[in-house]
Q: 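To start, I am sharing the structure in question, which I have written as C-alpha cells.
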Amino acid sequence: MPRRRLRDLVPDSPVMEDPTRFPDRMRIHSRGPVDGTLDLPGSKSLTNRALLCATLADGTSTLTRVLDADDTRVMIHCLTRLGGSVTKTGETVTVQGTGGSLHASPQPLDVAASGTTARFITAAATIADGPSIIDGTPRMRRRPIGELLATLLSLGADVEVLGEEGGLPVRVAGGGLAGGHAVIDARRSSQFVSAIALAAPYAARDTSLEFRDGVLVSRPYVESTIEVMRAFGVHAELHQKGMQVPRGEYQPILYEVEPDASAAAYPLVAAAITAGSVTLPGFRRDSSQADLAILDVLTAMGCRVEWTGSEVTLTGPAHGLQGVEVDMGRMPDAVLAVAVAAAFATGSTRLTNVSNLRIKESDRLAALETELRKMGVEAEAGPDWLSVRSGLVHGAEIDTYEDHRMAMAFTLAGLVVPGVVIRDPGCVAKTWPTFFEDLERLWPEGGRVARVPAEDGGTTTRLVVAIDGPGGAGKTTVSRGVADRLNLPHLDTGAFYRAAALAVIRSEVDPDDAGLVAEVVRNAEYDYRDGVMLLDDEDVNDAIRRPEVTSYASKLSVVAAVREVLVGHQRAWVERQGGSAVVEGRDIGTVVFPDALVKIFITARPEVRAIRRAGELTDSAESLAGIALELERRDRRDSTRKTSPLRSAPDAVAVDTSDMTIDEVIDRILEEVGQRSAGS
Ligand code: DC
C-alpha cells in the first residue's frame with residue numbers, strides 16, 4: 001500500500017486523519033518472527049522544522065519524504081494561516097516561502113495536540129505583522145509553554161496568556177523580536193529552545209540564549225533544529241550552557257526528510273521481541289535523531305545491529321532479550337517501545353532520567369505502569385524512572401490515553417502474546433496513520449496484524465481464567481493464588497450469591513416469593529474489592545459466611561432472575577478491571593464467560609472436601625458427617641437446578657485436587673494458561 005499523501009490543504013481548518021477509518025478496538029494477532037524491510041515515514045521533528053524554515057525562506061523549497069500525519073498537517077495549517085503556501089506534488093511538498101514576512105492570522109491558530117506546532121508557531125507568530133491567538137486541545141492547553149513565553153518577553157516580544165497560567169491559549173502581539181541575550185528555562189522541554197532558535201534569525205539583533213542552571217533537557221532535539229537551520233543556510237551554535245543564533249535569512253532548498261527514528265523504535269522492537277529481523281533504509285549513521293540510540297539499547301539487550309550504507313538491520317536474539325539499566329534522558333520517545341521490549345526480557349530493566357514523560361501526550365510513566373501490569377508484567381514508575389520485570393505475560397485490553405506511542409508500543413506486545421486488544425487505535429494517526437498496514441509488511445507472507453474484534457461483549461479477547469467446581473474443592477485458595485501469580489484481579493462469584501442472600505434475609509421479604517426476592521436482589525448494590533465483598537457499600541465478608549446465609553445462598557442461586565442479575569454484575573466487574581481476571585464459581589466456564597481462554601473444573605473426593613470445609617468453619621460445632629451431608633445437599637441442588645447447573649464445560653480441564661498441595665494445583669493451572677495462551 002503506498003504511503004498516504006498529503007491531502008489538498010484547506011486553509012481554514014487542519015485536515016486531520018479521518019478518525020472513522022479506525023475502529024474503537026483492534027485485536028492484535030500474535031505472529032511469528034518478523035523478517036522484512038520497512039520504508040518509514042519521515043521524521044515528525046524534522047518535517048515540522050523544515051516546514052517552518054521553508055515558510056520563512058525567500059523562495060520556493062521542495063521537501064521530500066514529508067511525514068503526512070496529524071501533527072504535520074496541523075503545522076501546515078498554521079503556516080498557511082500565517083501566509084505560507086504549501087502544496088503537494090506527488091510524494092513531495094512544495095513551499096512558497098514568505099521571505100520572513102509572516103502575516104498575522106485573523107482567526108485563532110489551532111495547534112490541536114501538536115507540541116512542536118504549539119511552541120514553534122507561538123515563537124514564529126512574534127515576527128508576524130500583527131497579533132495572533134494560538135490555541136489547542138484541552139490536553140495541549142495543560143502542556144507547559146510558560147517558559148517559552150517568559151523568554152520571548154525578555155527578547156522583546158509582547159505575549160499574553162488568555163487562559164490558565166503557563167498554558168494555551170495565548171495572544172502573541174507580533175511586530176517583531178528584538179533579539180539579544182535572554183535566559184531560558186529548558187529543564188522541562190527542549191522545544192522552547194528550538195522554537196526560539198527557529199524564529200530568531202528574523203530578530204532585529206543576534207540572539208543568545210543561556211540555559212537556566214545550565215540545563216537543557218532532550219538536547220539532541222535542539223541539535224536536530226540546528227541541523228535543519230544549517231541546511232536552510234543559517235548557522236546557529238549550541239554550547240553546553242546556551243546557544244547563539246545569528247541574524248540571517250533561510251535559503252530555499254531541496255530538503256530530504258530523514259525517516260523518523262522515533263517511529264523506527266517500533267519495527268526494531270518488533271524484531272527484537274519476535275527473534276526476527278528488520279531492515280530500515282534511509283538513515284544516516286551520524287543522524288542527529290537521538291532516538292536512533294535505541295539501537296544501542298537493543299544491542300545491550302542482546303540484539304545484533306548491522307549498517308550497510310544508509311540501511312540498518314537489527315536481528316533479535318534467538319534465546320531471549322536481557323534486561324538493562326539505561327539512562328533514557330536523550331531519547332524519551334523511545335521509552336515506550338523499550339519498556340515493551342523489557343516486558344519480554346529476562347532479568348529486570350530500569351529506565352532512568354525520564355521525568356518529562358509525565359508531561360507528554362499522556363502521563364506516560366503512569367500509563368506504562370498501569371497497562372504493563374494489566375498484562376501481568378511487574379512494572380513500577382517513580383518520579384523519573386520506570387522499572388519493568390517480565391512475568392507470565394498475557395493479553396489484555398489496553399487503554400491508549402489518546403497517545404499514539406502507547407497504541408504502537410502495546411501493539412508490539414500483541415505480536416508476542418495473544419489476546420491484546422488496543423483501544424482507540426486511531427490515535428496512531430498523530431504521527432503514523434498507516435502504522436498497522438505498514439507493520440504488516442514485516443512478514444514476507446503478508447497477512448493481517450490487527451482486526452476488529454468480534455462484538456461479543458468482549459469475552460473472547462481477554463484472559464479470563466474460569467475456575468468452577470463444587471464447594472470445598474479449594475477453588476478460592478487456588479483462584480487467589482493463580483490471580484496472584486498472573487497479576488490479575490480475582491473474583492469470587494459465590495460471594496455475590498451470598499451477598500444477595502444476605503440482602504434478602506435482611507429485607508425480611510418472604511424468601512419463597514420469587515418475585516419479591518428478585519426485586520430485593522436487583523435493588524442491592526454489589527462490589528468486590530481486594531477480596532472484600534461489599535453489599536450497598538458495607539463490608540459483609542463475615543456476615544455472608546454465616547451458616548444461614550450459606551444455606552439460603554444455595555437456595556437463592558436456583559432462581560433464574562437472581563442469576564441473571566448477578567451474572568450481569570459479575571461480567572461488568574470484570575469489564576471494569578480491563579477484561580481479564582481469574583473468576584471462580586459454578587457456571588463461569590459455561591455461562592458467565594463461555595469464551596474464557598482457560599477453563600478449569602476442580603473437584604476433590606467428598607470426604608476431602610468435608611475435611612477442608614470443616615477447617616474453614618472453625619467456630620462450627622457441626623460434625624464432619626454433618627458437613628459432608630450439607631455439602632452433598634448443596635452439590636445436588638447446584639447440579640440439578642434448571643438455570644446454570646454446576647457442571648464442567650466441555651472444554652474445561654478437570655483437576656482433582658484430593659491428593660495435591662495448593663501449590664501443585666496452582667502450577668497445574670498456570671501450565672494450562674501458558675499452553676492455551678501460546679495456542680490461541
Ligand atoms: O462458592 P460459595 O460456597 O461461596 O457459593 C455460594 C453459593 O452460591 C453456592 O450455593 C453456589 C452458588 N453459586 C452459584 O450458583 N454460582 C456461582 N457462580 C457461584 C456460587
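Each ligand, and each atom within it, is numbered from 1 in the order the structure gives.
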Q: Under 3.5 Å, is there a donor on one side chain and an acceptor on the other for H569 and E525?
A: no
Q: N/O of R634 under 3.5 Å from N/O of ligand 1, yes or no?
A: yes
Q: What residue pairs, at least two apart or across chains, pass ring-ring contact (aromatic ring centres under 6.0 Å, His included) with a residue in residues 630-657?
A: none
Q: Considering only protein heavy atoms, which is closest to atom 5 (O) of ligand 1, and at what distance to one decimal place?
A: G494 CA, 3.5 Å
Q: Taking atom types as modelled, is there a side-chain donor on W443 or D35 under 3.5 Å from an acceptor on the other?
A: no
Q: Any N or O on R498 sitting closer than 3.5 Å to an N or O of ligand 1?
A: yes
Q: Where on V592 is there a heavy atom closer than 4.0 Å to ligand 1, on the side chain, on the backbone, on both, or on neither?
A: neither
Q: Would the distance check show the side chain of D424 and the main-chain N or O of D24 forming a donor-acceptor pair, the cut-off being under 3.5 Å?
A: no
Q: What do you reckon, does Q570 put a non-hydrogen atom under 4.0 Å from ligand 1?
A: no
Q: Mind checking whether R637 contacts ligand 1 via backbone (N, CA, C, O), side chain (CB onward), both or neither, at a 4.0 Å heavy-atom cut-off?
A: neither
Q: For ligand 1, which atoms, with element, lie under 4.0 Å from some heavy atom of S554?
A: 10 (O)
Q: Report the part of R563 in contact with ligand 1, treating N, CA, C, O as backbone and CB onward as side chain, heavy atoms under 4.0 Å; options are side chain, backbone, both, neither.
A: side chain
Q: Under the rule for ring-ring contact (aromatic ring centres under 6.0 Å, His included), what residues qualify as partners of F436, not counting sequence neighbours?
A: none
Q: What atoms of ligand 1 come closer than 4.0 angstrom to any heavy atom of D587?
A: 16 (N), 17 (C), 18 (N)
Q: For atom 8 (O) of ligand 1, grab the closest protein heavy atom and report residue, atom and distance to one decimal in Å.
A: Y497 CB, 3.3 Å
Q: Passes side-chain contact (heavy atoms from CB on, under 4.5 Å), L491 versus V582? Steps please.
A: CA-CA 6 Å; L491 180 65; V582 177; over 6 Å; no
Q: Please tell me whether T493 and E584 have a donor and an acceptor in their side chains that are separated by less than 3.5 angstrom.
A: no
Q: What do the steps show when you test R529 against D527 for salt bridge (charged side-chain N to carboxylate O under 4.0 Å, His left out), and what is the final call?
A: CA-CA 7 Å; R529 275 187 230 145; D527 201 359; 3.1 Å; yes
Q: Nearest to atom 19 (C) of ligand 1 by heavy atom, T493, V549, T476: which?
A: T493
Q: Looking at S557, which atoms of ligand 1 are within less than 4.0 Å of one of its heavy atoms?
A: 12 (C), 15 (O)
Q: Among protein heavy atoms, which sits nearest to atom 1 (O) of ligand 1, and what does the distance come to when rounded to 0.1 Å?
A: R586 NH1, 2.9 Å
Q: Could you tell me whether E564 atom CD has more than 12 heavy atoms of other residues or ligands within 6.0 Å of it?
A: no
